[in-house]
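Just below is one structure, and these are the notes that go with it.
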Amino acid sequence: MENKKITVAIDGYSSSGKSTMARRLAASVGYRYIDSGAMYRAVALYALEHGMIDAEGKPDSNAIASALPDIEIDFALQTDGSQHTVLDGKDVESEIRRLRVSEAVSSVAAIPAVRKALTAMQKQMGQGGGIVMDGRDIGTAVFPDAELKIFVNASAETRAQRRFKEMVEKGIPATYQEVLANVAHRDHIDTTRAESPLRRADNAIALDNSAMTPEQQDAWLMVQFNKAAGL
Ligand code: DC
């Protein structure tokens, strides 16, 4: 009998390395991977491009809520196995990683109508299991019944270093100080917002990966996966 495909929810602070571990787990076990943060980033990019965020960075919640039915978000599988985020038919994968989107996204993600619409889409994507999704509220709000829930953390400095290195490699302009400030700012908004704030689900396994290599994380996660999947 074929094993039942489970649902894996990986939550944690920004730049905690959760996307890398989620993506690699999905590839090794043949599951679908969804980066839910990319969906919030796509909505933030849409809002920026449509003048729905003012000079102080405050989003126009009503305008964004009314635009939601028109915002189309997809993922396009690349030949190397990675996925690119597609907004209204355009590949925006590198655009959504830029600092201007990182600066706007937490406030956009705090809008209840945005959370409601994206949570509904994510639940739909997870029907039938066989999915690894990473984000902030996957184990608490999107898949509260997931068989495996992980909550990842690392110090703000470690996370800012990782993010900065990634941005330098991709040629995205930013300084380490800007990235650190952005990480701290997002931690604050993500953990204090009224709607589905970032918190560890009661039954999530906590992982502090500050001193772990990506390979060590992969091995650790595979052990948790096999246990949860009954393998
Ligand atoms: O994981 P990330 O840094 O790409 O996420 C971008 C932002 O989206 C982050 O500030 C918090 C928000 N987010 C969220 O509120 N809920 C999720 N499930 C995923 C991301």
Side-chain angles (χ1 to χ4, degrees), residues 7-23 33-48 53 57 59 61 64 71 73 75 82-85 87 92-126 131-144 146 149-154 156 158-160 162-164 166-167 170 172 174 178-201 204 209:
T7 298
V8 182
I10 303 191
D11 289 303
Y13 288 86
S14 66
S15 307
S16 58
K18 59 189 184 322
S19 299
T20 306
M21 63 192 276
R23 189 179 338 107
Y33 165 63
I34 297 291
D35 172 359
S36 69
M39 299 169 72
Y40 287 94
R41 286 171 178 272
V43 174
L45 176 63
Y46 180 97
L48 282 164
I53 296 188
S61 307
I64 296 172
I71 306 179
I73 302 168
F75 290 100
S82 66
Q83 289 193 62
H84 280 192
T85 311
L87 171 64
V92 293
E93 188 56 38
S94 78
E95 190 85 36
I96 59 167
R97 308 291 162 192
R98 289 184 176 266
L99 208 52
R100 73 172 185 131
V101 175
S102 299
E103 280 166 359
V105 66
S106 287
S107 312
V108 171
I111 301 170
V114 171
R115 302 210 67 80
K116 195 165 167 233
L118 294 193
T119 302
M121 275 177 74
Q122 291 153 2
K123 282 180 192 271
Q124 181 93 32
M125 291 168 165
I131 192 164
V132 182
M133 192 177 287
D134 81 294
R136 301 294 187 289
D137 63 340
I138 311 305
T140 52
V142 179
F143 302 134
K149 298 181 186 178
I150 310 285
F151 189 84
V152 194
N153 197 10
T158 305
R159 290 182 284 125
R162 288 181 187 152
R163 186 70 154 212
F164 178 60
E166 202 178 279
M167 292 175 84
K170 288 185 181 161
I172 300 174
E178 276 173 338
V179 176
L180 179 62
N182 176 249
V183 163
H185 178 63
R186 284 202 287 156
D187 284 358
H188 178 72
I189 300 183
D190 294 347
T191 50
T192 57
R193 68 175 176 229
E195 192 94 3
S196 308
L198 172 64
R199 66 166 185 89
R200 184 170 78 83
N209 64 6

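Note that these values count all heavy atoms, side chains included, but never hydrogens, waters or copies made by symmetry. We count ligands from 1, going down the list as the structure has it; atoms in each ligand are counted the same way.
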Check side-chain contact (heavy atoms from CB on, under 4.5 Å) between R193 and all other residues, then give those that pass, not counting sequence neighbours.
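Testing R193 for side-chain contact (heavy atoms from CB on, under 4.5 Å), a comparison that skips the adjacent residues, returns A109, A110, R115, R136, D190, P197.
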Modelled atom types, side-chain donor and acceptor of R41 and S102, under 3.5 Å:
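Yes, S102 and R41 have a side-chain donor paired with an acceptor closer than 3.5 Å.
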Kindly confirm or rule out an N or O of [X] lying under 3.5 angstrom from an N or O of ligand 1.
{"X": "D137", "value": "yes"}
{"X": "R163", "value": "no"}
{"X": "S106", "value": "yes"}

Mind checking what makes ring-ring contact (aromatic ring centres under 6.0 Å, His included) contact with Y13, not counting sequence neighbours?
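Not a single residue meets the ring-ring contact (aromatic ring centres under 6.0 Å, His included) criterion with Y13.
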Counting only heavy atoms not in K116, do more than 12 fall under 6.0 Å of its NZ?
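No, the 6.0 Å shell around NZ holds no more than 12 heavy atoms from other groups.
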Taking only heavy atoms of D190, which atoms of ligand 1 are found under 4.0 Å from at least one of them?
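Matching atoms, with element in brackets: 9 (C), 10 (O), 11 (C).
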Out of all atoms in ligand 1, which are within 4.0 Å of some heavy atom of Y40? Include the element for each.
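With Y40 as reference, the close atoms of ligand 1 come out as 8 (O), 13 (N), 14 (C), 16 (N), 17 (C), 18 (N), 19 (C), 20 (C).
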For [atom], closest protein heavy-atom neighbour:
{"atom": "atom 2 (P) of ligand 1", "value": "R136 NH2, 3.6 Å"}
{"atom": "atom 4 (O) of ligand 1", "value": "R41 NE, 2.7 Å"}
{"atom": "atom 20 (C) of ligand 1", "value": "G37 CA, 3.5 Å"}
{"atom": "atom 12 (C) of ligand 1", "value": "A109 CB, 3.7 Å"}
{"atom": "atom 19 (C) of ligand 1", "value": "S36 OG, 3.3 Å"}

Give the minimum heavy-atom separation between R159 and S16, together with the two atoms involved.
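So the minimum-distance heavy-atom pair works out to CD-CA, 3.8 Å.
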Answer yes or no for [X]: is there a heavy-atom contact with ligand 1 below 4.0 Å?
{"X": "R193", "answer": "yes"}
{"X": "M39", "answer": "no"}
{"X": "K18", "answer": "yes"}

Do [X] and [Y] have side chains that approach each other closer than 4.5 Å (heavy atoms only, starting at C-beta)?
{"X": "N182", "Y": "E103", "result": "yes"}
{"X": "D35", "Y": "Q83", "result": "no"}
{"X": "F164", "Y": "L180", "result": "no"}

Counting heavy atoms only, which of R115, M133, R97 comes nearest to atom 16 (N) of ligand 1?
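The option holding the nearest heavy atom is R115.
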Does the side chain to side chain contact (heavy atoms under 4.5 Å, CB included) test come out yes or no for I34 and M39, once each step is laid out?
CA-CA 9 Å; I34 297 291; M39 299 169 72; 4.2 Å; yes
Salt bridge E93-R97, side-chain N to carboxylate O under 4.0 Å
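Answer for the salt bridge query: yes.
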Select one of side chain, backbone, both or neither to describe which atoms of R186 lie under 4.0 Å from any atom of ligand 1, heavy atoms only.
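The side chain, only.
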Counting heavy atoms only, which part of I138 comes closer than 4.0 Å to ligand 1: side chain, backbone, both or neither?
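The part of I138 near ligand 1 is the side chain, not the backbone.
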